[in-house]
Number of protein chains: 4
Amino acid sequence: MLRTVMANLNKVLLLGNLTRDPELRYTPKGTAVADLSIAVNRRVSDGAGNWTDETTFVDVTVWGNTAENSQKYLTKGRGVFVEGRLQLDTWEDKQSGQKRSKLKVVGETVQFLPDARGGGVPNGGGGSPSPSARPAGGGYANPPQGGSAGPDSDYDDEGDDIPF
Amino acid sequence: MLRTVMANLNKVLLLGNLTRDPELRYTPKGTAVADLSIAVNRRVSDGAGNWTDETTFVDVTVWGNTAENSQKYLTKGRGVFVEGRLQLDTWEDKQSGQKRSKLKVVGETVQFLPDARGGGVPNGGGGSPSPSARPAGGGYANPPQGGSAGPDSDYDDEGDDIPF
Amino acid sequence: MLRTVMANLNKVLLLGNLTRDPELRYTPKGTAVADLSIAVNRRVSDGAGNWTDETTFVDVTVWGNTAENSQKYLTKGRGVFVEGRLQLDTWEDKQSGQKRSKLKVVGETVQFLPDARGGGVPNGGGGSPSPSARPAGGGYANPPQGGSAGPDSDYDDEGDDIPF
Amino acid sequence: MLRTVMANLNKVLLLGNLTRDPELRYTPKGTAVADLSIAVNRRVSDGAGNWTDETTFVDVTVWGNTAENSQKYLTKGRGVFVEGRLQLDTWEDKQSGQKRSKLKVVGETVQFLPDARGGGVPNGGGGSPSPSARPAGGGYANPPQGGSAGPDSDYDDEGDDIPF
DNA sequence: TTTT
DNA sequence: TTTT
């Protein structure tokens, strides 16, 4: 029989917040790689009119320029949009000799969202940011916005459930 | 032959900014409906190392609660994420009697993004926003952030092309 | 203010069937372009337990190799998976001088699905297909399957509503 | 500060083939659950003009009716389209007491594609299928097609790389 | 190991 | 009719 190959699609779309600063490292061959840890929230109903946020923590691996720019421009708390694919890493457990595998997400494009906190540059001082410190993503910049979250910034969630 | 129905998918995903305030109206039957006009930018290369932004303007129709909340909480300039589907409206042109059609996007879910400008509530005064005036989307709120963009806020685009 | 560019996304995903053979043409500059007409079905409930199929007809424009291969390998009835983006064509109406616009879908990748009818090569004769006539998509082949649908093949749709 | 919740998205789209028959089981509470093992192929270039297929194996968990219908209607080799989300299962390793986690895909909708092999009903006999034995997915049916792949149907993959 |  |  001729090969009847199916159309194939392996796509992951994530919109969420970084749970920590990206960690940049290099492979032995010198390729940049970084892991983005993203928290994605989902409203879940208990069926009795109560909604809670269920959070999924997803690690996304990015390579090359994307890795280097992620480390440069993304920081904990930042909102990001990631388009990527699933990858199943497989290896043999050295101790047991058993086959092991782990599902991962490889990020192909990363864009970042405006800083919800309207806050300054991550780790930023009080002065003008240097050009190289400008947060940016996907060719998209995101500036400092001067304000401090200040004393009003305690977490406060009441009354925000809009039945969109 | 039995019907061999294919899997079907009709999905539109948009992330962009509103080009104007949503306009809420009602059908004769009383159903709320609103049109969101969204500008989506795409970086386009001319092949010679120059990148420009190409903007696509997309109108998205939303219904019911989504329409009402869009009108309440979304304003011109706002970033939104829309998940929807394509719809082909067809009608007969009264004058010519010809069949006409128009491709549209129906928005099924709308979420909004933090205000990039770090600005206050849309149309907002200086005090605490009333609960009903809180901008929110998808069950997600977006608060005033107190800051003013200030004198630095002139549009400035140089140096922002990060090769992500 | 620095430019606070939003993340942007303009994505269309379609899975459906071609309503006619693709029509290949060339621009004055010699670029291949084809229009794919795709029917996408959606199950719609009337709220009273009855489900009907609502069909959306979407025209997708494809360029270059994708256009040429679409014309070579895709035929009416074929299942296709398209990933693309929305595009708003705008022009001035010559008669009225008014600005007009039309929302279109540009297909960036096209893959095709196995022929649900289990039928032979499109336009195919009885013999072995020549290599160049092999239907394929996205680097994916789809062979002739030689069989006849047989006497059971009258259209028959009852009882197929699986509450998946 | 009010909660400035980001838009959130956690979406997985897969189009591939089942590597084995779905396994249906029930939770202690009686909820049906099944695991679909899906192979998704991706064309990968080595940069020197050679393309190979890289296969990613993804396990997808489906619940309730979707689980039961998957077991009824889906079989090894079948093409499926899955729309779902990522989920991170976490638990404590009993032996080591360490926190462990595993990324999974939860399938929210499953549709199936026509059988590329043009073959009959899975496990099917020669007669008319009973209504309950009709393969179907997403409210979509897929009939027996009676034919035999015939003498042309030897596996043959050369020359199929269409530069779509 | 967790973000908002 | 356009947003950033």
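Everything numeric here is computed off the predicted structure, so don't read it as measured data. In the text below, chain A, chain B and the rest are named by the order of the sequence lines, each starting its count at 1.
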Next on the checklist: For E:dT3, does the base pair up with any side-chain atom of A:Thr55 as donor and acceptor (N or O, under 3.5 Å, distance only)?
Outcome noted: yes
Item to check | Atom-to-atom span, CZ of D:Arg100 to C1' of E:dT1 - whole angstrom | outcome: 15 Å
Item to check | Whole-Å gap separating P (F:dT3) and CZ (B:Arg43) | outcome: 17 Å
Next on the checklist: Quick check for you: among F:dT3, E:dT1, F:dT1, whose closest atom lies nearest to any side-chain atom of B:Arg20?
Outcome noted: F:dT1
Item to check | Distance, rounded to the nearest Å, where B:Asp21 contributes CG and F:dT2 contributes C1' | outcome: 12 Å
Checklist entry - For D:Asn10 and E:dT2, what is the distance between atoms CG and P respectively, to the nearest whole Å? => result 19 Å
Next on the checklist: Taking the minimum atom-to-atom distance to the side chain of B:Thr19, which one of F:dT4, F:dT2, E:dT3 wins?
Outcome noted: F:dT2
Next on the checklist: From CG of D:Asn8 over to P of E:dT2, roughly how many Å is that when rounded to an integer?
Outcome noted: 18 Å
Item to check | Partner set under side chain to side chain donor-acceptor pair (under 3.5 Å) for A:Thr27, not counting sequence neighbours | outcome: none
Checklist entry - B:Phe57 stacking on F:dT2: centroids under 5.5 Å, ring planes under 30°? => result yes
Checklist entry - Do A:Glu68 and A:Tyr26 get their side chains close enough for a donor-acceptor pair, meaning under 3.5 Å? => result yes
Checklist outcome for this item: Sorted by chain and residue number, the side chain to side chain donor-acceptor pair (under 3.5 Å) partners of B:Thr56 (sequence neighbours excluded) come out as none
Next on the checklist: How many whole angstroms separate atom CG of B:Asp35 from atom P of F:dT1?
Outcome noted: 17 Å
Next on the checklist: Measuring to OP1 and OP2 of E:dT1, would you say a side-chain N or O of D:Lys99 lies under 4.0 angstrom away?
Outcome noted: yes
Item to check | Between P of F:dT3 and CG of B:Leu74, the distance in whole Å | outcome: 16 Å
Checklist entry - Taking atom types as modelled and ignoring hydrogens, do the side chains of A:Gln71 and A:Asn69 form a donor-acceptor contact shorter than 3.5 angstrom? => result no
Next on the checklist: Using a heavy-atom cut-off of 4.0 Å across all strands, would you classify B:Asp59 as base, sugar-phosphate, or nothing?
Outcome noted: base
Next on the checklist: Nearest to the side chain of A:Asn17, heavy atoms from C-beta on, is which of E:dT2, E:dT4, F:dT3?
Outcome noted: E:dT4
Checklist entry - Judged by atom type as modelled, is there a donor-acceptor pair below 3.5 Å linking the side chain of B:Arg25 to the main-chain atoms of B:Ala34? => result no
Checklist entry - Nearest-Å distance, CD (B:Glu54) to P (F:dT4)? => result 19 Å
